[in-house]
Amino acid sequence: MRRRSLLLLIPFLTMLAGAVPAIGEFERALLDAEAVAEQAAAVGRAAAGMQNALAWNVAGQGVSCADPTVQSLVARSRYLGHAYRDAAQAFRVRAAKVDRLRALGTVAPLLTEELATRAEDVVRRAAEEVERYRTTAAWQAQLLERLVGGCDAPLTVAPGLPLPGDGRPVAVIAIGDGLVCPAGVPARGAVVVLEKPEACFAKERCDCTPEPVGLGAVLGEGP
Amino acid sequence: MNSVRRIARTTTFGLVVLMLGLLFVLDRPGSLGILPGGDDDVPWRPVCVHLQALDPGEAYRWEPEATGLLLAMLEGGIAMIPDATVRVADRPPPPGRPHCELEVPSWDARLETGGKADDLLAALWLCSPERRCRVLEARGTLWAAEDIARELLRGVARALDVDASVGLGWTEKQSRDPYAQLLSGRSAAVWYGLVGYDAPPEDGKARRNTSEAPKRRDPHLHAAIVDPKMPIAGWMVARRALAAGDVDEALSWLPRGNRPGADPVDLAEAEAYKARGQPTEAVAVLDRVQAALPHDRRIALERAAARVDAGQLEEARALLESLPGPMGDWPRFLEVSVLWKEAAGEPLQPDGLLARWQARAPWDPRPVRKRIDVYVGLDQFEEALALTPELAKRGQLDTARRLRLALAAQLRDWATAATAARELGDEVLARAMLDEDVGKDGKLSPVEIEAIVARARAAHDAGRGEETLAALDRVLREDPWVPEALALRAEILAASGRDAQARADLCRLREVDPAHGGLAPTGADALAWLRRCEEGTR
């Protein structure tokens with residue numbers, strides 16, 4: 001039983017037909033990296049937004065761990081911080097692959113200007129994202145945790161922060177057993193990136209009506 | 001039932017015919033309205049003149065200089081005759097005047113000089129395409145070589161039955177200073193390879209107001225410095241710079257001034273502006289040249305090209321349409337049509353306009369390269385691979401090998417790809433592709449790691465994963481953070497019941513690539529994973 005569960009968790013890679021990656025593998029790696037780039041950026045925006053909101057809430061007023069708003073912001077900034085680490089790392093490893101593949105003799109001669117530009121963009125954005133993550137982590141550790149380190153804050157359903165209105169994807173957190181709709185993504189604590197800031201939470205089937213959600217909202221079965 | 005089948009067959013046939021027709025129509029310039037068919041009342045009679053000089057010796061003093069000067073005056077003068085193209089041996093054509101087109105009547109002209117500098121006799125042997133030859137002679141002095149050149153040019157025009165008046169402007173006296181005139185001739189003689197000279201400065205750039213040494217070593221620069229207004233001297237420096245791709249240098253040495261009409265310097269200036277990405281300036285120069293040469297269709301073609309660069313697509317199309325019908329098969333016309341389509345965002349088909357351009361310009365690698373790119377864009381890699389020998393034939397051997405390597409790899413034709421890699425001197429890549437002595441030189445290269453993991457994956461999928469464990473171990477010993485290797489080894493280990501080792505790999509994989517292959521990237525699953533990993537390491 002234990003082995004079976006382990007096998008289920010093992011990722012299955014797409015079979016590589018050739019011995020050395022060619023232009024086809026490069027294009028797939030690029031698409032993969034670009035998709036992850038969007039997710040990392042969205043999670044990073046949510047994490048940074050949560051940190052700013054928390055800083056504004058506690059600035060000059062002292063920290064009250066009993067304040068539900070502070071509790072929610074503390075929980076979300078920590079949660080999104082972990083998620084941002086994973087997303088930035090996932091992006092970084094994919095960008096490194098793109099960087100490696102684009103230099104191969106089996107790939108470089110077939111790079112169009114458009115592909116080369118996109119690859120360069122991915123590599124540059126990955127470096128920037130990693131730098132942003134470092135800044136976010138430093139803020140959390142050196143500033144916010146000094147203020148709210150003693151607060152034991154559970155993650156509960158909460159509305160998101162106001163959106164900047166730039167039309168970019170939005171990251172939300174989904175807790176409990178259920179689905180984030182309309183995409184039907186299993187919740188269970190996942191950080192979900194929405195293309196449009198509209199979603200709803202459903203138990204088993206996506207029969208709910210999506211509603212506007214804010215940055216870093218926590219979806220789930222709530223009051 | 002039969003009638004239904006008949007209708008279906010007829011409909012299918014009709015659709016196929018319609019699609020083929022659409023493909024044909026879509027890729028012809030005519031479909032864009034670019035079909036030349038101007039009704040200029042001046043007859044269009046393109047000719048190509050292959051000009052050369054007998055190797056000058058030391059029969060009289062300054063023989064190479066006199067021959068070089070006359071050759072430059074003739075080349076520039078003939079180049080300005082509408083519908084005439086001139087080539088001097090293997091030298092690049094005058095800037096702005098493309099190569100001789102195929103199937104254009106070709107004349108041969110051979111220049112010979114004799115006598116002495118103060119009593120110079122020049123003879124031009126001129127042979128028609130039918131090999132009927134005549135000798136044009138002119139007498140004068142080296143210090144008034146323009147008179148000789150003018151006389152010869154008039155004779156050429158008579159033989160070609162064209163108006164040479166526009167070319168005569170180029171044969172004006174180069175300088176009042178006889179020494180400058182002499183240097184101008186030496187510069188031309190060097191350009192045409194009639195005499196050798198010491199190597200130019202190492203950086204390839206001409207220098208003003210510096211030490212004497214570069215001036216002495218560089219006859220082009222020397223002539224241009226002695227009298228910067230001499231058109232031929234400036235033209236030579238600019239041609240050298242343009243051939244080396246140094247556009248700023250070319251523009252800085254082109255002589256400015258109020259020369260009458262239009263001459264090859266104007267065309268070189270327009271070329272330099274185009275190369276520098278200043279198409280609007282090129283358009284202005286070419287419009288001025290066209291005003292002086294209203295019946296020169298090649299100027300109209302270059303104006304169209306410059307307008308395509310400048311984004312003036314409607315004006316470019318109007319110019320192209322005004323050209324004589326037979327020009328529709330000229331490589332330069334086809335090239336400009338291709339550029340027009342690209343600028344207009346029209347899709348190019350590999351077998352349409354590009355194939356015609358390739359066929360009409362057998363020396364030019366660009367249409368072949370563009371066809372390869374189009375085939376690659378359509379995922380037709382075999383067709384693209386088949387074109388690489390043609391690219392090699394056109395002087396792009398190295399590029400052809402690189403493309404053959406990449407295309408064969410994409411087609412999984414590892415033998416061809418490895419051969420190309422070896423031709424390029426990349427032995428490591430060749431070995432990685434053929435699985436020969438991978439990693440024998442010590443540390444694994446990135447491409448060898450990719451190859452080992454890909455082969456291990458294929459072996460595991462074929463049920464022979466255990467055999468690849470040693471190779472994966474080596475990869476992970478050298479780089480413990482290769483996600484694909486970690487995932488694959490974990491998979492193989494778990495399949496054989498070695499759960500603890502598999503979990504260790506998966507935990508490391510979770511660190512290096514949290515989103516790998518569907519591993520839960522965030523949330524409760526991630527936290528549970530981290531706990532399991534921590535437990536596993538205790």
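Since this is a predicted model, take the numbers as computed values, not measurements. Naming: A, B, ... by sequence-line order, numbering from 1 per chain.
- Less than 2.5 angstrom separates the SG atom of A/Cys181 from that of A/Cys206.
- Proximity to chain A (any heavy atom under 4.5 Å) is shown, for B/Ala417, by neither the backbone nor the side chain.
- Using modelled atom types, no side-chain atom of B/Lys341 and backbone atom of B/Leu348 make a donor-acceptor pair closer than 3.5 Å.
- Among B/Ile452, B/Val376, B/Asp379, B/Leu407, the residue with the largest count of heavy-atom pairs under 4.5 Å with chain A is B/Leu407.
- Taking chain B as the reference chain and counting heavy-atom pairs below 4.5 Å, the highest number among A/Leu155, A/Leu110, A/Ile175 is found for A/Leu110.
- Of the N and O atoms on the side chains of A/Ser77 and A/Gln140, at least one donor lies less than 3.5 Å from an acceptor on the other residue.
- Between A/Thr117 and A/Glu114, the side chains place no donor N or O within less than 3.5 Å of an acceptor N or O (distance only, hydrogens not considered).
- When B/Arg402, B/Gln410, B/Met433 are compared by the number of non-hydrogen pairs under 4.5 Å with chain A, B/Gln410 comes out ahead.
- Side-chain polar atoms of A/Glu129 and A/Tyr84 form a donor-acceptor pair below 3.5 angstrom.
- At a 4.5 Å heavy-atom cutoff, A/Arg92 makes no contact with chain B through either its backbone or its side chain.
- Only one option out of A/Leu30, A/Val36, A/Asp32 pairs with A/Val122 in a side-chain contact (heavy atoms from CB on, under 4.5 Å); it is A/Leu30.
- Interface remark: B/Arg369 contributes side-chain atoms only to the contact with chain A (heavy atom separation under 4.5 Å).
- The candidate from B/Ile372, B/Val512, B/Asp426, B/Leu405 with the greatest count of non-hydrogen atom pairs under 4.5 Å with chain A is B/Val512.
- A/Leu101 touches chain B through its side chain: at least one heavy atom from C-beta onward sits under 4.5 Å away, while N, CA, C and O do not.
- Using modelled atom types and a 3.5 Å distance limit, the side chains of A/Ser72 and A/Arg76 yield a donor-acceptor pair.
- Only the side chain of A/Leu104 comes within contact range of chain B, with at least one heavy atom under 4.5 Å from a heavy atom of that chain.
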